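Only a predicted model underlies this, so the values are computations on that prediction, with no experimental measurement involved. Per chain, numbering begins at 1; letters A, B, ... match sequence-line order. Atoms considered below: every heavy atom in the structure, side chains included; atoms not considered: hydrogens, waters and symmetry mates.
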Protein chains: 2
Amino acid sequence: MGNKLYHHGDLRNSLIEAGIELINQEGVKRFSLRKVSALCGVSQAAPYSHFQSKEDLLKAMQDYVTEQFMADLERSIQSYTNQNDPGVLVQMGKSYVMFFINHPHYFHFLFSQPCMTVNLSIEGDAAENFQPFELLRTTALRVFEKDKLSKEIIEDTIIALWATVHGLASIATMKNVHYDKDWETKIEDIIWNK
Amino acid sequence: MGNKLYHHGDLRNSLIEAGIELINQEGVKRFSLRKVSALCGVSQAAPYSHFQSKEDLLKAMQDYVTEQFMADLERSIQSYTNQNDPGVLVQMGKSYVMFFINHPHYFHFLFSQPCMTVNLSIEGDAAENFQPFELLRTTALRVFEKDKLSKEIIEDTIIALWATVHGLASIATMKNVHYDKDWETKIEDIIWNK
DNA sequence: GTATAATCTTAACAATGTTAAGATTGGAGG
DNA sequence: CCTCCAATCTTAACATTGTTAAGATTATAC
């Protein structure tokens with residue numbers, strides 16, 4: 001009765017988004033299921049209708065962000081005319097930075113929390129790695145295929161490209177650094193001059 | 001009265017060592033002050049006579065291992081005749097691996113727990129880095145000084161050397177890989193052939 | 001030998017993850 | 001429209017945890 005519904009309607013996503021906010025404000029250390037429940041105006045045990053455990057919610061939070069990020073990057077790549085042209089890397093790099101300019105809280109959530117496991121290894125099992133990094137890597141490998149470069153140089157170039165783009169995202173999402181319409185051209189310039 | 005002493009005698013170190021054992025067996029997630037206290041045959045609040053908090057004990061556990069490791073490495077370096085000879089790096093590498101062959105549980109404690117913060121960056125703040133890594137780095141810089149190599153090549157060589165040595169330690173401390181008297185010569189060969 | 005500081009114990013508190021049992025509700029099938 | 005069922009949510013409770021307070025015990029300095 002009234003405006004208080006027994007059924008929340010979209011509790012699963014609300015818990016995920018409130019969880020990200022909570023971690024950004026208090027850190028993963030002070031994150032708790034009960035606090036997230038309270039933020040969603042819901043009882044302490046409500047999350048257990050959607051998640052098996054606290055760890056399960058945390059994993060879902062990571063997947064939630066990563067999936068949006070991946071969808072954005074894949075859309076960006078496929079919208080480019082020539083998939084083998086180096087320009088596709090610049091296009092992807094722009095999207096990489098832009099995604100976090102549009103969602104700065106996602107950047108802090110993913111990369112500023114020591115226990116949010118984001119694997120970034122070249123040699124290790126690719127399947128366990130941060131998916132956006134692997135997407136950048138396979139895209140770059142396709143672009144560089146025709147160039148007959150040594151494996152080492154290619155891998156180093158990929159790391160350099162990723163570092164540039166990730167660094168830009170890190171700077172752009174810092175507090176007091178505001179979005180500027182010149183950012184897009186800024187990003188293009190920096191990546192091209194690599 | 002009897003053999004049960006009111007004063008433990010060496011509780012601080014016992015807590016640290018029992019804590020390392022507990023983390024190796026159950027993981028940092030299931031580590032708790034009360035369990036460590038029980039393992040030491042002491043009441044739940046006893047740790048607070050030696051540590052301010054759980055975090056404080058965890059930090060002390062890391063420092064405890066790192067200090068022993070550093071002392072070992074420094075002794076190894078200083079025992080070598082010529083501090084500028086490349087051989088000092090081999091000597092140090094041998095000690096690096098040997099330390100963890102002699103203390104395999106320290107390796108797992110330091111490197112297999114996601115929340116044990118071990119920084120290993122080249123560009124970042126050196127003071128925040130894993131001290132043994134910085135020691136290897138400064139030693140290598142001294143050895144390579146006369147060679148007039150580019151900074152990039154030197155840094156890459158340092159990474160390669162560290163990776164070799166650390167990888168050997170990782171393999172050597174795996175279960176079912178037992179210490180063998182040939183390990184020392186094995187290590188020498190692998191590092192020299194780099 | 002006594003005062004004092006260090007060390008340890010017991011007891012309690014609030015916060016947390018998790019489960020059990022039951023209430024409420026939306027929607028499918030009659 | 002009505003009924004039944006599964007999904008969703010609530011309340012209540014439990015064990016575990018970090019931490020503090022108050023006091024007991026012991027080592028050590030004087």
Out of dT11(D), dT18(C), dC8(C), whichever nucleotide has its closest atom nearest the side chain of Ala45(A): dT11(D)
Given atom [atom1] of [X] and atom [atom2] of [N], what is their separation to the nearest angstrom?
X        : N       : atom1 : atom2 : result
Leu22(B) : dT17(D) : CG    : C1'   : 14 Å
Glu26(B) : dT16(D) : CD    : P     : 13 Å
Phe31(B) : dG18(D) : CZ    : P     : 8 Å
Leu11(A) : dC9(D)  : CG    : P     : 5 Å
Leu33(B) : dC8(C)  : CG    : P     : 15 Å
Tyr48(B) : dA11(C) : OH    : C1'   : 15 Å
Asp10(B) : dT7(C)  : CG    : P     : 11 Å
Gln52(A) : dT19(C) : CD    : C1'   : 14 Å

Return no unless some side-chain N or O of [X] is found under 4.0 Å from OP1 or OP2 of [N].
X        : N       : answer
His50(B) : dC8(C)  : yes
Lys35(B) : dT17(D) : yes
Ser43(A) : dT10(D) : yes

dA12(C) base / Gln44(B) side chain donor-acceptor hit below 3.5 Å: yes
Positive for side chain to side chain contact (heavy atoms under 4.5 Å, CB included) with Pro47(A), one of Val36(A), Leu57(A), Leu15(A): Leu15(A)
Residue whose closest nucleotide on DNA chain D lies nearer the 5' end, Arg34(A) versus Ser49(A): Ser49(A)
Whether Phe107(A) and His166(A) hold their rings parallel, tilted or perpendicular, with breakpoints at 30° and 60°: tilted
Value rounded to 0.5 Å, distance of CD1 in Ile16(B) from CG in Asp10(B): 9.0 Å
Separation of Ile23(A) CD1 from His108(A) NE2 (nearest 0.5 Å): 14.0 Å
Option from Phe100(B), Tyr106(B), Tyr64(B) for which ring pair (Phe, Tyr, Trp, His ring centres under 6.0 Å) with Phe69(B) holds: Phe100(B)
Sugar-phosphate, base or nothing in reach of Ser32(B), heavy atoms under 4.0 Å: sugar-phosphate
